[in-house]
Amino acid sequence: MKAAVIVFPGSNCDRDVAVALTRVVGVAPAMIWHQAATVPDVDLIVLPGGFSHGDYLRSGAMAARAPIMRAVAERAAAGVRVLGICNGFQVLTEAGLLPGALMRNAGLKFICRSVRLRVETADSAFTGGYRTGQEIALPIAHADGNFFADDDTLKRLEGEGQVAFRYLSNPNGSAHDIAGVFNRTRTVLGLMPHPERVMEPDHGGTDGEALFKGLMAALG
Amino acid sequence: MSVVIEPAVTPELAAEHGLKSDEYQRLLDIAGRVPTFTELGIVSVMWSEHCSYKSSKVWLRTLPTEGPQVICGPGENAGVVDIGDGQAAIFKMESHNHPSFIEPYQGAATGVGGILRDVFTMGARPIANLNALRFGSPDHPKTRHLISGVVAGIGGYGNCVGVPTVGGETNFHRAYNGNILVNAMTVGVAAADRIFYSKAAGLGNPVVYVGSKTGRDGIHGATMASAEFSEDSEEKRPTVQVGDPFTEKLLIEACLELMATDVIVAIQDMGAAGLTSSSVEMAGKGGLGIELNLDAVPCRETGMTAYEIMLSESQERMLMVLKPGCEAVARAIFDKWELDFAVIGHLTDSGRLVLKKDGVTWADLMIEPLVSRAPVYERPWTPTPPSALVTSDEVPLPARPCDVLLRLMNCPDLASKRWIWEQYDSQVGADTIAGPGGDAAVVRVHGTGKALALTTDCTPRYCLADPFQGGAQAVAEAWRNLTAVGATPLAVTDNLNFGNPEKPLIMGQLVGCIQGMAAACRALDFPVVSGNVSLYNETNGEAILPTPAIGGLGLLRDARRRVGLGFVDDGEFVILLGETRGHLGQSLYLREIHGREDGAPPPVDLAAERRTGDLVRGLINDGLITACHDLSDGGLAVAAAEMALAGDRGAELVLPIGVDPIGFLFGEDQARYLITATDSSPILHRAGAAGVPACILGTTGGSVLTINRCNAISLAQLRIVHERWLPGLMAGAPSAAGSGTGGAAPGAIPVGSACDC
């Protein structure tokens, strides 16, 4: 599996996800600066966590208009897997690659803690390393993770199996306890929790590893 | 071009700038004439307490600062210690007390930004932030506002720059009602042979400004931080700077990228007193002159004068001296990161600071005398009178220990601070292997098997009662906390927060604490490598508690050889190491249960600290200890409760026959650790050989903490009590506001009848 990590000004989990990918894949991903016009020929594109452009205007809003995002959208349309973690999820919604929006947490504060999640479907390249219905623990670290979509969109997300992960105890007010969503073809995933932070026992958990291992298994 | 006419400098104007009359006379002597307004502004901030350390300098010199592990001690932007394998840890703690009281969010945020710059200026990638916070009484009308703003500010800045906030401490006391303390610490890692210093060199070398533009914010911040507060302190809000963590993140990446090339001669961040202190310090250390063309300084606003540009404390700015001809290489990097880059001057052989703008010379002063003849005061001081010992037989009949424990676990200083640290990203970097809530945070050195252990500590009530013992205790507790995770303590950064040093009793507190710290640092081979002094922490003449916050750094050569504080398994031995005399003076038991804040603090036996700590560290490194917790606030019972909660596992403890249960459970004797072990015999054997008292108290297991059979508390109840206080306070729950900190209002937990065990 070849992977690329997009680096925006203010990304700060780019190194962490690169370390996680390298650990699982054995090869370091390409790190692509936001002003590049093209993405190398890869199987997986990752938009990392952080505060792209300082979260100014709206989280992810400016990064979604970066030069590289045109190329990301083209690749996504061609079926290349795209993973957005935390701020990466926010960028994907702002770019229209995923439905919904991430609003300020219901409690109005930044929250950093481990949360319990249920894997809603194992039937995707991203979640193939888990079992459907499996309960896992991943950390969240965000102020804008309150997933919102209108009723019709939520109905569609539920009906078409686009909900990837659900909070067991909703930390941020997200609609339908949604922690992560797919696009219709399940080739694009955005999630607020950070799988790259729980990859080894020293992290206090290893539930993030299966996400990257599943991708490796699906994409080779 | 509009013509700027500066005000004429008079003794009155100098006084308004905070210069005493003899200090102004000294400036007249150095300049040989009446200084210009810009020169007055520059010298007044350079000679402010905040920048010059004029009241503390003679005493700071008495602190031990050397050791084989020390690469660079005090005097640079931060301290540097060797962590092996050609790597160095760079760290420092700094206060942002006054700005945080006036404008808590921005004050705290820019405190974090400033200390980060001190560390990455030297070539280190910041890997961890910590903080030490002191707020006023929980029921004071401003306290909730201040907590809320400070915590959001620390998180808002640290989370965005992507440096994990891994630990800290938060206390409450009415003495901080008008003057909170916000001390921020940053730790970074660099290659030991790639450390950058601030000493300028090379005649004609270009002086380069990078980062954010200069605005009118923060002018005279350093002067504000050098005076007491009064009712009108709110009017000083315009002197508080505004932080932009996004720019800081870009500045970190740009500077580290530039540092990987070989073009920098010297670099210094623009912190307090901005362009003034950075340019004067760099040139002064190099024994050179510096000429700046202020027309070239990137400004946010039009019409800024030389005075304003030199005194602005706008954030996220750096000044560097480059090798000649390297401007283009450097500029390309800053262009990539979309940061300002401007050559604003050059080094000269004149020894003078020359500032030009609009074709006018606004300042022209010899630099060397401004530094060498800066005021230094040996202020008169009087020692704090000793306090009487408190013995347990003069304390009223003890309540049931389990009720006391519940009260203590719910009191402001001991209640869980989860509400605070869950607002900080403690994990970004994916190297945090022990985050907030333990004795010391543990952060891996990226890509290695090593880790750094980090802590901040101080017990201000001890320092007030006995500055020497308090100063020693702060150092000893930091050393203990590092030891308790298995780390070898390496060095200290200090943040000395005191009241007005012109009052002999306050000056005596400063002297006493420094003397105590020095004794402990020497005895524990724990030198001071960086630090900061914050004086005049008074409002309307009321001083804070003396608060010499200690930031400790230790090394785990093998990160796998570490322990946490949570009980890890059932059926393990719970063993107390160190001597217990049941010292109740200045204990939280006395304060929270009896409303008394008197007595002598527990004495610090530095030889016993060393002996016990070295034993514990050795046992951890040999894999004989499964969990470890240092004993401090609240004593043995609180430590046991914290270990049980952290491991979600109970224990059954029985006190030794004949001891006074209250003194034994809640006394705050120093040099003690509570540990667990699968096998007790090697522990007892090695403790015996080391001359350290060891006592098996019981075994772990179950979901209840039991003391002497009759005192049983379920962990569920303990957890509720421990976790609910701070969220309750912040939600405005009236029952949360009382309690502790001298208010002695009844807490939510009733104290029952006397214990019969």
Side-chain angles (χ1 to χ4, degrees), chain A residues 7-23 31 33-36 48-57 59 62-63 85-87 105 107-115 138-144 171 193-205 208, chain B residues 125-126 148 151-166 243-254 335-339 418-436 442-444 446-447 449 451 559-560 562 564 566 727 730-731:
Chain A
V7 182
F8 300 100
S11 293
N12 63 29
C13 302
D14 45 332
R15 187 192 75 180
D16 304 352
V17 79
V19 168
L21 282 164
T22 308
R23 187 183 169 86
M31 306 302 281
W33 186 235
H34 70 123
Q35 282 176 332
F51 288 69
S52 58
H53 296 278
D55 273 2
Y56 297 146
L57 186 58
S59 309
M62 285 192 267
I85 302 170
C86 197
N87 188 229
N105 292 344
L108 303 181
K109 288 193 285 290
F110 189 96
I111 308 169
C112 177
R113 75 163 81 112
S114 180
V115 296
L138 298 181
I140 55 168
H142 60 245
D144 298 326
H194 286 271
E196 80 281 13
R197 294 185 181 187
V198 274
M199 296 293 292
E200 46 184 315
D202 266 352
H203 286 152
Chain B
R125 177 170 287 280
S148 168
V151 171
I154 290 172
Y157 207 98
N159 298 345
C160 181
V161 295
V163 176
T165 301
V166 299
D244 177 2
F246 172 57
T247 299
E248 180 102 335
K249 168 67 174 167
L250 303 183
L251 194 57
I252 293 175
E253 298 305 331
D335 281 351
K336 172 190 161 187
W337 291 99
E338 296 178 32
L339 293 167
R418 182 183 302 276
W419 185 93
I420 293 175
W421 49 256
E422 279 194 347
Q423 295 186 55
Y424 305 148
D425 187 339
S426 55
Q427 305 165 330
V428 59
D431 281 317
T432 304
I433 54 180
V442 182
V443 181
R444 289 187 302 209
H446 190 68
R560 290 169 303 180
R562 70 177 198 281
M730 296 313 292

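In the text below, chain A, chain B and the rest are named by the order of the sequence lines, each starting its count at 1.
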Test item: A:Asn12 side-chain N/O and B:Cys160 main-chain N/O as donor-acceptor pair under 3.5 Å:
yes
Which heavy atom in B:Phe246 sits nearest to a heavy atom in A:Phe51, and how many Å separate them?
CD1-O, 4.1 Å
Spacing of B:Asp431 atom CG and A:Asp202 atom CG [to the nearest 0.5 Å]:
9.5 Å
With a 4.5 Å cut-off on heavy-atom pairs, point out which of A:Glu196, A:His203, A:His53 contacts chain B the most.
A:His53
Exercise: identify the closest heavy-atom pair between A:Pro9 and B:Leu250:
CB-CD2, 3.6 Å
Taking side chain as everything from C-beta outward and backbone as N, CA, C, O, which of these in B:Arg562 sits under 4.5 Å from a heavy atom of chain A? Side chain, backbone, both or neither.
side chain
Given side-chain contact (heavy atoms from CB on, under 4.5 Å), test A:Val19 with B:His446 step by step and report yes or no.
CA-CA 10 Å; A:Val19 168; B:His446 190 68; 3.8 Å; yes
Region of B:Ser148 in contact with chain A, defined by heavy-atom distances below 4.5 Å
neither
Would you check if A:His194 and B:Asp425 make a side-chain contact, meaning some heavy-atom pair closer than 4.5 Å?
no
Best-contacting candidate, A:Cys13, A:Ala20, A:Pro139, against chain B by heavy atom pairs under 4.5 angstrom:
A:Pro139
Do you know which of A:Met199, A:Arg113, A:Arg15 has the most heavy-atom pairs with chain B at a distance under 4.5 angstrom?
A:Arg15
Non-hydrogen atoms of chain A under 4.5 Å away: do they reach the side chain of B:Arg444, the backbone, both or neither?
side chain
Note: vs chain A, highest number of non-hydrogen pairs under 4.5 angstrom among B:Lys249, B:Gln427, B:Glu248 is B:Gln427
Need one label for B:Val163: side chain, backbone, both or neither, based on atoms under 4.5 Å from any heavy atom in chain A.
neither
Taking every non-hydrogen pair under 4.5 Å, which of A:His142, A:Glu200, A:Lys109 racks up the most with chain B?
A:Lys109
Between chain A and each of B:Gly162, B:Ala152, B:Gly156, count heavy-atom pairs under 4.5 Å; write down the option with the most.
B:Gly162
Most contacts with chain A, counted as non-hydrogen pairs under 4.5 angstrom, among B:Arg560, B:Lys336, B:Glu422:
B:Glu422
I need the minimum non-hydrogen distance between B:Tyr424 and A:Phe110, along with the two atoms involved.
C-CE2, 4.2 Å
Tell me, with the steps shown, if B:Glu338 and A:Gln35 meet side-chain contact (heavy atoms from CB on, under 4.5 Å).
CA-CA 12 Å; B:Glu338 296 178 32; A:Gln35 282 176 332; 3.4 Å; yes
